[in-house]
Amino acid sequence: MKVYEYKGFPNPARVRLALAEKGLIDNVEFIHVDVMAGEHRTPEFLAKNPSGVVPVLELDDGTILSESAAITDYVDHVTGDQDLTGKTAAERGRIHMIQRKIEDGLLEAVGAYFHHATDGLGPDIETYQNADWGNFRHGVALKTMRWMNEILEERDYLAADHFTVADITAVAGFAFADFAKIEIPEDCANVKAWRERVSARPSMTHAV
């Protein structure tokens with residue numbers, strides 16, 4: 001497998017975490033895409049992913065997968081043991097639901113704030129900004145953190161009794177929040193305890 005990425009970005013980190021959790025990290029060739037230099041906008045990269053974003057997974061037969069959730073789903077299934085995405089229909093549904101809420105309400109909300117209400121990655125990359133939208137999404141991110149805190153009142157992980165893709169997405173979301181200088185609210189003790197717990201997992205050394 002090949003993974004086209006910009007190491008340290010939130011969505012590539014999700015794929016690295018999934019690969020590490022599944023013991024596949026050493027089976028992958030990581031190819032750096034210099035987003036800061038505009039390499040994600042070249043015809044060669046756009047031929048792989050017309051959306052022009054990383055990460056992208058390329059299989060040995062030439063099959064291309066983009067979108068982090070799709071890639072992590074593939075990674076979980078390729079080993080034959082779906083512990084990250086769920087084994088039963090009900091478990092899969094719940095994990096997918098929670099993962100998507102965190103993806104939108106935390107990871108993407110922080111991204112909107114960073115790219116629209118701050119200098120982001122600079123004027124060469126941030127070709128359109130809407131500060132009002134960015135600041136609104138900042139509020140969504142804080143609301144989502146408090147919702148996650150309620151979930152973690154009853155369990156150690158966000159979507160099941162074990163670590164799943166929902167937790168992976170949250171790890172990436174909070175790392176992005178740190179970078180964007182969005183602090184976890186003081187009343188979210190359960191979230192802070194969850195971060196300490198998951199940060200101790202060996203896979204975390206491969207996230208950045």
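Counting from 1, the numbers follow the sequence of the chain as shown. Note that the structure is predicted; figures quoted are calculated from it, not measured.
- Residues meeting the side-chain contact (heavy atoms from CB on, under 4.5 Å) test with Thr88, sequence neighbours left out: Ala90, Glu91.
- Ile31 and Leu65 fall into different hydrophobic clusters, where Ile, Leu, Val, Met, Phe, Trp and Tyr side chains are chained together by heavy-atom contacts under 4.5 Å.
- In terms of heavy atoms, Gln99 sits closest to Ala69 at NE2-CB, 4.3 Å.
- Looking only at distances, a side-chain donor or acceptor of His116 sits under 3.5 Å from a matching main-chain atom of Asn130.
- The list of side chain to side chain donor-acceptor pair (under 3.5 Å) pairs with a residue in residues 177-188, not counting sequence neighbours, reads Arg146-Asp187, Asp178-Arg195, Glu186-Lys192.
- Thr79 and Asp81 are not linked by any side-chain donor-acceptor pair at a separation below 3.5 angstrom, with hydrogens and angles left out of the test.
- With sequence neighbours excluded, the residues that form a side chain to side chain donor-acceptor pair (under 3.5 Å) with Ser203 are Glu21.
- As a member of the Ile/Leu/Val/Met/Phe/Trp/Tyr network built from side-chain separations under 4.5 Å, Val140 groups with Trp133, Phe136.
- Residues passing the ring-ring contact (aromatic ring centres under 6.0 Å, His included) test with His32, sequence neighbours excluded: Tyr6.
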For a quick test of your reading: what N or O donor-acceptor pairs under 3.5 Å do the side chains of residues 44-51 make, sequence neighbours left out?
residue, atom, partner, partner atom, Å
Lys48, NZ, Glu58, OE1, 3.2
Asn49, OD1, Ser51, N, 3.1
Asn49, ND2, Val53, O, 2.8

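- In this structure Glu103 satisfies the salt bridge (Lys or Arg N to Asp or Glu O under 4.0 Å) test together with Arg14, Arg100, sequence neighbours excluded.
- With sequence neighbours excluded, the residues satisfying ring-ring contact (aromatic ring centres under 6.0 Å, His included) with His138 are Tyr113.
- Of all heavy-atom pairs between Ile71 and Pro55, the closest is CD1-O, 3.8 Å.
- Residues Ala159 and Ile98 approach most closely at CB-CB, 3.8 Å, considering heavy atoms.
- Atom NE2 of His96 is separated from atom NZ of Lys101 by 10.5 Å, given to the nearest 0.5 angstrom.
- In this view, Ala177 and Val110, Met145, Ile182 satisfy the side-chain contact (heavy atoms from CB on, under 4.5 Å) rule, not counting sequence neighbours.
- A continuous path of hydrophobic side-chain contacts links Phe179 to Ile102 [ILVMFWY only; heavy atoms under 4.5 Å].
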Pair Tyr74-Val15, side-chain contact (heavy atoms from CB on, under 4.5 Å): steps then yes or no: CA-CA 10 Å; Tyr74 171 83; Val15 172; over 6 Å; no
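- Every side-chain contact (heavy atoms from CB on, under 4.5 Å) that Asp76 has, sequence neighbours left out, goes to Lys22, Gln82, Asp83, Leu84, Thr85.
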May I have the list of side-chain donor-acceptor pairs in residues 150-158 shorter than 3.5 Å, sequence neighbours left out?
residue, atom, partner, partner atom, Å
Glu153, OE1, Asn190, ND2, 2.8

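- Between the Thr63 side chain and the Leu59 main chain, no donor and acceptor come within less than 3.5 Å of each other.
- The two residues Val56 and Ser66 have their closest heavy-atom pair at CG2-CB, 4.3 Å.
- Residue Lys87 qualifies as enclosed at atom NZ: its count of foreign heavy atoms under 6.0 Å is above 12.
- Between the OG atom in Ser68 and the CG atom in Leu107 there is a gap of 8.0 Å [rounded to 0.5 Å].
- Once rounded to the nearest 0.5 Å, the distance linking CH2 of Trp194 with OG of Ser199 reads 7.5 Å.
- Using a 4.5 Å heavy-atom cutoff, the side chains of Arg94 and Thr164 are not in contact.
- Checked for salt-bridge contact, Asp167 and Arg197 miss the test: no charged N lies under 4.0 Å from a carboxylate O.
- The line from CD1 of Ile125 to CG of Asp119 is 13.5 Å long, rounded to the nearest 0.5 Å.
- A donor-acceptor pair is defined here as one N or O able to donate and one able to accept, closer than 3.5 Å; such a pair exists between the side chain of Gln129 and the backbone of Thr118.
- Within the 4.5 Å cutoff, side-chain heavy atoms of Val75 are placed close to those of Leu24.
- With hydrophobic clusters built from ILVMFWY side chains whose heavy atoms lie under 4.5 angstrom apart, Met1 does not share a cluster with Ile64.
- Of the possible donor and acceptor atoms, none in the side chain of Asp34 sits under 3.5 Å from a partner among the backbone N and O of Glu39.
- A donor-acceptor pair under 3.5 Å links the side-chain atoms of His77 to the main chain of Asp73, judged by distance alone.
- Residues meeting the side-chain contact (heavy atoms from CB on, under 4.5 Å) test with Phe30, sequence neighbours left out: Val3, Glu5, Arg16, Leu19, Ile25, Val28.
- Using a 4.5 Å cut-off between side-chain heavy atoms of Ile, Leu, Val, Met, Phe, Trp and Tyr, with links allowed through other members, Phe114 and Val171 fall into the same hydrophobic cluster.
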Test side-chain contact (heavy atoms from CB on, under 4.5 Å) applied to Leu106 and Met148, step by step: CA-CA 10 Å; Leu106 178 63; Met148 293 166 66; 4.2 Å; yes
